[in-house]
Number of protein chains: 4
Amino acid sequence: MTRAPNPDRRRDASRKATLAAALELCVERGYAAVTVDAIATRAGVSKATIYRWWPAKSAIVLEAVDEAAPIPETFPDTGDLASDLHAWLSGILGVFHDPRLGPAFTGVLAESQLDANLAHQLRERLINHRVAQLDERMTKARKNSELAPDADLEVALDILHSPIYRRQVLHYPLPDDAYLTRLIALVMRAIGPTRAD
Amino acid sequence: MTRAPNPDRRRDASRKATLAAALELCVERGYAAVTVDAIATRAGVSKATIYRWWPAKSAIVLEAVDEAAPIPETFPDTGDLASDLHAWLSGILGVFHDPRLGPAFTGVLAESQLDANLAHQLRERLINHRVAQLDERMTKARKNSELAPDADLEVALDILHSPIYRRQVLHYPLPDDAYLTRLIALVMRAIGPTRAD
Amino acid sequence: MTRAPNPDRRRDASRKATLAAALELCVERGYAAVTVDAIATRAGVSKATIYRWWPAKSAIVLEAVDEAAPIPETFPDTGDLASDLHAWLSGILGVFHDPRLGPAFTGVLAESQLDANLAHQLRERLINHRVAQLDERMTKARKNSELAPDADLEVALDILHSPIYRRQVLHYPLPDDAYLTRLIALVMRAIGPTRAD
Amino acid sequence: MTRAPNPDRRRDASRKATLAAALELCVERGYAAVTVDAIATRAGVSKATIYRWWPAKSAIVLEAVDEAAPIPETFPDTGDLASDLHAWLSGILGVFHDPRLGPAFTGVLAESQLDANLAHQLRERLINHRVAQLDERMTKARKNSELAPDADLEVALDILHSPIYRRQVLHYPLPDDAYLTRLIALVMRAIGPTRAD
DNA sequence: GCTTAAGCGAGACGGTACGTCGCGTCTTTCT
DNA sequence: AGAAAGACGCGACGTACCGTCTCGCTTAAGC
């Protein structure tokens, strides 16, 4: 039984070096080809130290992505919902296209599918609070009559995000701006303010 | 260079045993924990034979899923588009819930995300022709004024499928019937013929 | 370069606890399975402290054995050389059979074989002065005509001790009393005074 | 549970390369500093293969020494027992002094002390049958009146071998020719033909 | 009695070897 | 020639110990 280590005594330099090395290696070799050994060597950190603080490669990369992710966790609010949504979704796509984060994030996403625990971490650290913001904005919009009073926000929200994942998983090209515009248009047509004006 | 083997002399019993073993093991241990060695042992087939005919575990499982998948490749056409869509999407979800296929399919899907080639195979063998059918049905519906003449079918199609994938990847619960109903309602509101103004 | 520590300020409780822990662990797990970490934990002493005062596990155990060894460093002299030798050799065997010291001593002995420095320490601290006593006694005996005047004491001494080591190394059963008697008889026949011709 | 491998299918080249590498590395670095990894690398053999056939480094080195040991398993018989013994013991010492075998044999010997199983192997493969020969020769000599009829051969045999081990363990210089002569002289004086001629 | 420098317990760390596992290739023998 | 059996080289895994280190805390000597 290896006792739990004391986080207070953790050396932050090793932690940072590990996360940085993980991201770099994902870029250079692709997530699947990255090994914990390679991360340790690149970071100048011992494997024991890595395993002391992370259970697996996926956890390292997840934390690295979380830490390095462009922070926009607050939803834009320009008053124009459609364009706010566009900006928001563009932001999400930005992570996939980011040369430094894309390969890493893709890898974690793939592994999440086979690892319920990792998926849980991923949702907690990267997804849920951002989605909550979107939800809030939409709810407010519905109150403000920017949306139909009976708009099914839950489904709408799902719809807005989901195509990114399907395309990512099946290696279809990710949505571009034009696609986003059409997507948002379709959704607004379904849940926009009742056309009875 | 090992010459390509002659498929005519291939022993079909070995092929079937391999595919069956692959599916069983995915059920028992989960896709990630299945190894080619285990498949070979379970199937009573030599590893050399397996590698003669498949490049990797993922290819075996993909073929096994393809072969065992409930075949409904033809789109239902009851005249009621909404209910046809519901049936169709239920069918897709059936593969995920199928106790024999679910774990295997999930695994291939996950690995596809990291392997462009596998994703290509997956689309070719399991996805594209089915989507084409859906596309055809929708196009016909638009012609028949079951849908708005300017309905953005490409996006609509995407939207209908995508939530399954997002939920699958992030380990959210998969859509149930109620959700499908709401999803289809939303889409129909956007592209349905209603706009009788 | 870490400066040499000041022995005056050394905490004796830590030293004793370390030596005791080392012996206990040798008994419980066998010398080979004892680790410095385990000694430190058991003794409630930090590893830094251990390495401040000892270079390695072997040195700790050697010191522990030295300290705990039944002290009979003075050679018995009852006038009967044969029985004195018997008593003496029994004493040596006692260390091997001592439940508290045996495993530890065995371990140090084994490691000595691969570590010239440790062997040197071992001879200095545990062996040489005792052998010197035996030597002295034998020389006196030769002077007193208890032994032949031309007795080859160096070889005789060697012979008396050596079987213990050979048996120890090769895991033959250690000499028992009967064996000692025969051994001493043989030696006395070779170097005893008998040759009254 | 890894099933036992089939020795018939074993690749002899790998076996030989492993044994050779083990011996070389013992010479270059000393037994203690040799690692299984290093043996594998030097031999161009995988670690898995090594562990398939040997349980530990010590077993490899033991087998290597056994295989490479100068074969004289037959006891010389020139009619002159003393000189035969001298030749025999010189032969044993030769293994310790052999630049190719010495370090390896020393290492196995040391480790035997801590590993009853290894000691058993060592006795079986290298020691017992040779000692049996010596025993036979001595018994014959006693019958032929080259030795006293009541000579205690068991002890005598022990005595002849043992000093080598004691000196080896404690890093005293190994016996040289002069010492052997004196040792044999002493033993012969004890068990030689009764001086009443 | 106050400072200060050492010893100390705790335990994280970089390193290195361990013994195992899975991959994809190969060799042998049988059919 | 295809296949079953399974040994092999490779390389990553996750663990264990080593000996060093950094951190506060204690503790005694010198002011």
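First the proteins, then the strands, lettered A, B, ... as listed; each starts at 1. Reckoned from all heavy atoms, side chains included, excluding hydrogens, waters and symmetry mates.
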State, without any angle test, whether B:Q168 and B:T106 hold a side-chain donor-acceptor pair at a distance under 3.5 Å.
yes

Minimum-distance nucleotide to [X] side chain [options: [options]]:
X	options	answer
A:R52	E:dG9, E:dG22, E:dC13	E:dC13
A:S14	E:dG22, E:dA12, E:dG14	E:dG14
B:D37	F:dT15, F:dA12, E:dG22	E:dG22
A:Y51	F:dC13, E:dC8, F:dG19	F:dC13
C:V45	F:dA3, E:dG9, F:dG9	E:dG9

Ranking C:N6 and B:V36 by the position along DNA chain E of their nearest nucleotide, the one closer to 5' is C:N6

First of C:A48 and C:R9 reached from the 5' end of DNA chain E, by closest nucleotide:
C:R9

Using a 6.0 Å cut-off, check whether atom CZ of C:R123 has over 12 heavy atoms from anything other than its own residue.
yes

Can you tell me if CZ on C:R10 sees more than 12 non-hydrogen neighbours from other groups inside 6.0 Å?
yes

Hey, does the side chain of A:K47 reach the backbone of A:I39 with a donor-acceptor pair shorter than 3.5 angstrom?
no

Phosphate OP1/OP2 of F:dG6: any B:S46 side-chain N/O under 4.0 Å
no

Remember a base hit wins even if backbone is also touched, and classify C:W54 as base, sugar-phosphate or nothing at under 4.0 Å, heavy atoms.
nothing

